[in-house]
Amino acid sequence: MRWSRTFIPTLREDPADAVAASHRLLVRGGFIRQLMAGSYSLLPLGMRVATKVSGIIRDEMNAIGGQELLAPVVHPAELWKRTGRWDDVEGIMVKFEDRRGADLVLALTHEEVFAQLASELNSYRELPQLWYHLQTKFRDEARPKSGLLRVREFIMKDSYSLDVGLDGLDVQFEAHRGAYDRVFARMGLESIQVEASSGNMGGSDSVEFVVRSDAGEDRVALCDSCGYAANLERAVSATDEVPDDPWEGPPQPFPTPGVRTIAGLTVMGRFAAARRQIKTLAYYVGDEFTLLVLRGDHDLEIQKLVDAVAGVVRPATEGEIVEKLGARPGSLGAVGVEHPVIGDPVLRGRFNMVTGANEDDVHLRGVDVERDLPVGRWLDMRSVREGEDCNTCRSGSLSLSKVIEVGHIFKLGRKYSEALGATVLDESGRPTPIVMGSYGIGVGRSMAAVVEVSHDGKGIIWPVSVAPFAVVITLLRPDNPAVGQAGERLYRDLNNAGIEVLLDDRKERPGVKFADAELVGIPYRLTIGPRGIESREAELASRDGSLAETVPLDRVIARLAEMVS
RNA sequence: CGGGCUGUGGCGCAGCUUGGCAGCGCGCCUGCUUUGGGAGCAGGAGGUCGUCGGUUCGAAUCCGACCAGCCCGACCA
């Protein structure tokens, strides 16, 4: 394509509202434009990159037996009511009516539709199947941010595996694991697989594919020794032993005027160190007022709780706490309460601990966890901290990283097929619900992740695999006949050789062209100007700085062909 | 959803405190000169000042409501 005829609205200055590097550079480089919060148009360059990403995904999906189709983005509410998600995902689902008053929704994802399609299968002999599409999703996120990293409308590749049994699911799950590894590697991303929460998708195993970046919103724990990797929503660490001092007799109240925090209590003395305190949090789990007890220096990882209990989880308000316990937050404890208590297992066996007395300005010491707290359920629900020992290998320590989630694979099981009647007859002639898996890759988010990990002060540095063009020909004096003719000939020959090329034929000064080429991030730049044309040479430079050489014009095509392949 | 901030030409911003002709830089158009790292000179086009209402002789400016966007947090199939 010719730059002069292509819509590439680059900006000299950074857009005011962009913070993340990918957001800033994709807007400034003329790849995307915002329409409203969390929704972007892909301009020609952005579309070319998205097409490259989609192409890699299709390639690898087809390689594991995927069949591409396309399911609608507007669904009847009925479908979502049948699986229960009409109510479960209240809030981020856009609902509306058609002219007859029928309830419709915009698809957040497509488990329902694919399960519905799968109900046409009749026999185990037709399985396994692997279906996928690249389709728009709309999620009315409360807070879209960071350009393409967190949007409301986006294109996702989602695939759905259909099997007779769990063994088949395992095979397809592992096939996806490999395909995803290859997809991200081909895009130039170093992806890491981490154990993840399945959220309200339902199902058992789930693995996230993440890329390290400070622009990311998820946090993961990584072991420096054995390779253990997990999202903080699920991560576990080895517990450090805390020796308790002996204590005889029942818990003893003591005055703590004005103390409202764990840290505030520690000044009372060694016996009240944070590790010797019991942190008591008041939550509603479903309709039940519930106390959560953790070690004083630990934090609640709420997703672990959400994953382990039924119903909605929310913190109790101060008013509810005072009504139920008779004290305000800061003096709460679970000793002798009649409410349900969930305890973090690190507290098991601990004694002579300090906790609130459910009376303002009073705490208890000498608390023996298993003797004094009516813990009805032990549940790991604490958040892993930087530097804690790995629970898997016991020799490494965990570090925490911020990451961008670019892919997620789930073993769904039979939830959707049962709800929607997607059954086949098994070998013995009995109907059995199809076992499903679902697997997603965000196209735009992957693009943004590439930019996050591959840019410099001048702009984006695309890998050839997803670059909008492999080469840009920068004509320094397009009006100079020798330069113009040489440029046109190279442009034609590169196109004929199947190398994607952008010809910068604009009547701009050299500085503008160089700066734009670097901003847009095309991997190779071929510079043709009056200086080199006399000796029939062009300059070839790579955007990443690894190459800068002079090439005779008649060698250019061959040289680029070997670079780009 | 809670807290903070911002809406003025395509982009970045000033003007608002103290009401009185709507400005600056970049970009854009025309001409001349220039041309290997974001050119110079001259001329020019382009704005319901987010929306609605109020106060006032007069509102970008003061008051109110609403809308939109950004940031922090909560949330995130």
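From a predicted model like this one, the values you see are computed outputs, not experimental measurements. Labels below follow one simple rule: chain letters A, B, ... track the order of the sequence lines, proteins then strands, and each chain is numbered from 1.
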### Query
Which whole number of Å gives the distance between the C1' atom of A22(B) and that of C16(B)?
13 Å
### Gap in Å between the two C1' atoms, one belonging to G47(B) and one to C21(B), rounded
15 Å
### Task
Counting Watson-Crick and G-U wobble pairs only, both distances under 3.5 Å, name the nucleotide matched with G37(B), or none.
none
### Query
Any idea which of C71(B), C76(B), G38(B) is nearest the Arg150(A) side chain?
C76(B)
### Query
To the nearest angstrom, how far is Asp140(A) atom CG from C76(B) atom P?
14 Å
#### Entry: Nearest listed nucleotide, side chain of Val512(A), among G38(B), C76(B), C71(B)
G38(B)
## Note on the structure
CZ of Arg414(A) to CG of Leu166(A), rounded to nearest 0.5 Å, is 5.5 Å
### Query
Hey, what's the ring geometry for Tyr180(A) with His176(A), parallel, tilted or perpendicular (30° and 60° as the breaks)?
perpendicular
### Task
With the side chain of Met36(A) defined as its heavy atoms from C-beta on, choose the nearest nucleotide among C71(B), G69(B), C13(B).
G69(B)
### Query
At under 4.0 Å between heavy atoms, what does Arg525(A) touch on the DNA or RNA strands: base, sugar-phosphate, or nothing?
base
### Query
Using purine N1 to pyrimidine N3 plus N6-O4 or O6-N4 for Watson-Crick, or N1-O2 and O6-N3 for G-U wobble, both under 3.5 Å, which nucleotide pairs with G27(B)?
none
### Separation of the P atoms in U56(B) and A42(B), to the nearest angstrom
48 Å
### Task
Check the distance between C75(B)'s P and Asp307(A)'s CG and give it to me in whole angstrom.
13 Å
### Summary
Only residue of Thr6(A), Asp516(A), Thr474(A) satisfying side chain to side chain donor-acceptor pair (under 3.5 Å) with Arg506(A) is Asp516(A)
Scan nucleotides 32-35 of chain B against the protein and return all N/O pairs shorter than 3.5 Å with their distances rounded to 0.1 Å.
from	atom 1	to	atom 2	distance (Å)
U34(B)	O2	Arg509(A)	NH1	2.8

### Task
For C62(B) and G15(B), measure between their P atoms and round to the nearest Å.
12 Å
### Query
Tell me, which of residues 531-547 of chain A have any heavy atom that sits under 4.0 Å from an atom in RNA chain B?
Arg531(A), Gly532(A), Glu539(A)
### Query
Taking the nucleotide of RNA chain B with the closest heavy atom to each, which residue, Gly38(A) or Glu233(A), is nearer the 5' end?
Gly38(A)
### Query
Are any of Arg12(A)'s side-chain N or O atoms less than 4.0 Å away from OP1 or OP2 of G12(B)?
no
### Task
Tell me, yes or no, whether the heavy-atom count around Asp287(A) atom CG, taken from other residues, nucleotides or ligands under 6.0 Å, exceeds 12.
no
### Task
Provide the distance between the two C1' atoms, one in C52(B) and one in G38(B), to the nearest whole Å.
43 Å
### Task
Write down the distance between CZ (Arg314(A)) and P (G2(B)), rounded to a whole number of angstrom.
16 Å
## Note on the structure
G19(B) -> Watson-Crick or G-U wobble partner, both distances under 3.5 Å, gives none
### Query
For Glu518(A), which contact category applies under a 4.0 Å heavy-atom criterion: base, sugar-phosphate, or nothing?
base
### Task
Quickly work out the Asp17(A) CG to U6(B) P distance and round it to whole Å.
15 Å
### Task
Assign Lys137(A) to base, sugar-phosphate, or nothing according to its heavy-atom contacts below 4.0 angstrom with the strands shown.
nothing
### Query
Under 4.0 Å between a Lys/Arg side-chain N and an Asp/Glu carboxylate O for Lys411(A) and Asp170(A)?
yes
### Task
Write down the distance between CZ (Arg152(A)) and P (G69(B)), rounded to a whole number of angstrom.
7 Å
### Task
Determine the interatomic distance between P on C57(B) and the same-named atom on G19(B); round to the nearest Å.
15 Å
### Message
Between Trp462(A) (side chain only) and Val520(A) (backbone N and O only), is there a donor and an acceptor less than 3.5 Å apart?
### Response
yes
### Query
Looking only at atom C1', what distance separates C49(B) and C13(B), rounded to whole Å?
14 Å
### Message
For a quick check of understanding: with a heavy-atom distance under 4.0 Å over all strands, which category does Met93(A) fall into, base, sugar-phosphate or nothing?
### Response
nothing
### Task
Check whether any side-chain N or O of Gln34(A) sits under 4.0 Å from OP1 or OP2 of C70(B), and answer yes or no.
yes
### Query
Is Asp516(A) touching bases, backbone alone, or none of the nucleic acid, heavy atoms closer than 4.0 Å?
base
### Query
Are Glu60(A) and Lys157(A) within salt-bridge range, i.e. N to O under 4.0 Å?
no
### Query
Which is true for Ala37(A) with a 4.0 Å heavy-atom rule: it touches a base, it touches only sugar-phosphate, or it touches nothing?
sugar-phosphate
### Message
Please give the distance between the P atoms of A60(B) and A45(B) as a whole number of Å.
### Response
23 Å
### Summary
Against the side chain of Glu13(A), the closest entry in G25(B), G73(B), G36(B) is G25(B)
### Query
Base, sugar-phosphate alone, or nothing: which one does Ala16(A) contact when heavy atoms must sit under 4.0 Å apart?
sugar-phosphate
### Distance in angstrom units between Phe7(A) CZ and G10(B) P, rounded
13 Å
### Message
In this structure, how many angstroms lie between the P atom of C71(B) and the NE2 atom of His23(A), rounded?
### Response
8 Å
### Summary
Note: for Glu141(A) and Leu519(A) on RNA chain B, the residue whose nearest nucleotide lies more 5' is Leu519(A)
### Task
Any strand is fair game: report the nucleotide pairing with A68(B) by Watson-Crick or G-U wobble, both distances under 3.5 Å, or none.
U6(B)
### Task
Once you apply the 3.5 Å cut-off to both distances, tell me the Watson-Crick or G-U wobble partner of C75(B), or none.
none
## Note on the structure
Taking a pair to mean Watson-Crick or G-U wobble geometry with both distances below 3.5 Å, C62(B) pairs with G54(B)
### Query
Aromatic rings Tyr284(A) and Phe289(A): how do their planes relate, parallel, tilted or perpendicular, breaks at 30° and 60°?
perpendicular
### Query
Of all the nucleotides listed (G73(B), C75(B), G37(B)), which has the minimum atom distance to the side chain of Arg143(A)?
G73(B)
### Query
How are the rings of Phe114(A) and His133(A) set relative to one another: parallel (under 30°), tilted (30 to 60°) or perpendicular (over 60°)?
perpendicular
